[in-house]
Amino acid sequence: MSTSVPLWVPIVVAVLGFAGVISAQLIAGWREDRRWRRELEREELRWERERDKRSYDARAAAYAELVGAIESFDWVLFLARHELRAGRKVDEQAKEDIRAASAEARKSLGMVNVHAPERIRAMLSASLLRRSSLANFILRETYEAAKDTLWEEGQREYRALRAAIREDLGLDAEELPA
């Protein structure tokens, strides 16, 4: 006895097999697409963190160079002011030191102007203009006690600038007296 299989059975089996292969491919493609998107998001996040780190490192380096230049400038201005206030003349070496410190301060502005926020650039400008004016008075030997306000204002602005720099870098900012 031979039993015959109706024609529709192999057709249904073939269609089911074909549908299984197609659905397996669709599911695999969907999973691959999800994996690809997750990997792309992780890569984007990694690059964003890398950009932020480079930006932070550049700002920190620019600020460190600037603070060093201002401290150097303040040191030579302080010594020259001390000589003039004592009634002595500023010698040529001290004048050359003032010129060099002024040039170093100007040179350090480039990186800060590229990386710092506008608030810090404005504070920096005001603080350095006072130091430059003071340096010019000392170099021309036209310094008098009334010019001490330039020094005091420059120091006050520098403390505020330094606190803003530390805040921008996420460091503990100094508490400034009222």
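Judged by distance alone, with hydrogens and angles left aside, the side-chain atoms of S127 form no donor-acceptor pair with the main-chain N or O of L124 at under 3.5 Å. Here the side chain of R121 pairs a donor or acceptor atom with the backbone of A116 at under 3.5 angstrom. The backbone N or O of G68 sits nowhere less than 3.5 Å from a side-chain atom of S72 that would complete a donor-acceptor pair. No donor-acceptor distance shorter than 3.5 angstrom exists from the side chain of S125 to the backbone of A122, with no hydrogens or angles considered. Remark: side-chain polar atoms of R159 are not paired, donor with acceptor, to backbone N or O of G154 under 3.5 angstrom. Counting only distance, with no hydrogens or angles, the side chain of D168 and the backbone of A164 share no donor-acceptor pair below 3.5 Å. Y63 contributes no side-chain N or O that, together with a main-chain N or O of V112, makes up a donor-acceptor pair within less than 3.5 Å.
For the side chain to side chain donor-acceptor pair (under 3.5 Å) test with Y158, the passing option among R131, R130, E71 is E71; the others fail.
A salt bridge links R85 to D148: at least one charged side-chain nitrogen sits closer than 4.0 Å to a carboxylate oxygen. Under a 4.0 Å N-O distance rule, the pair R35/E39 qualifies as a salt bridge. Between R37 and D33, at least one side-chain nitrogen of the basic residue sits less than 4.0 Å from a carboxylate oxygen of the acidic one, meeting the salt-bridge criterion. Ionic pairing of K89 and E83 is not present here: no N-O contact between side-chain nitrogen and carboxylate oxygen is shorter than 4.0 angstrom. In this structure, E104 does not pair ionically with K107, as no charged nitrogen and carboxylate oxygen lie closer than 4.0 Å. Between E50 and R46, no side-chain nitrogen of the basic residue sits less than 4.0 Å from a carboxylate oxygen of the acidic one, so the salt-bridge criterion is not met.
Remark: R31 CZ is loosely packed, at most 12 non-hydrogen atoms of other residues, nucleotides or ligands lying under 6.0 Å away. Within a 6.0 Å radius of CZ in R88, more than 12 heavy atoms belonging to other residues, nucleotides or ligands are found.
Across A135 and I98, no two heavy atoms sit closer than the pair CB-CG2, 3.7 Å. When all heavy atoms of L161 and M123 are compared, the closest pair comes out as N-CE, 3.4 Å.
Neither side chain, R51 nor S55, offers a donor N or O lying under 3.5 Å from an acceptor on the other.
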- Task: Would you sort out whether L79 and V90 count as a side-chain contact (heavy atoms from CB on, under 4.5 Å), showing the intermediate values?
- Result: CA-CA 9 Å; L79 293 175; V90 177; over 6 Å; no
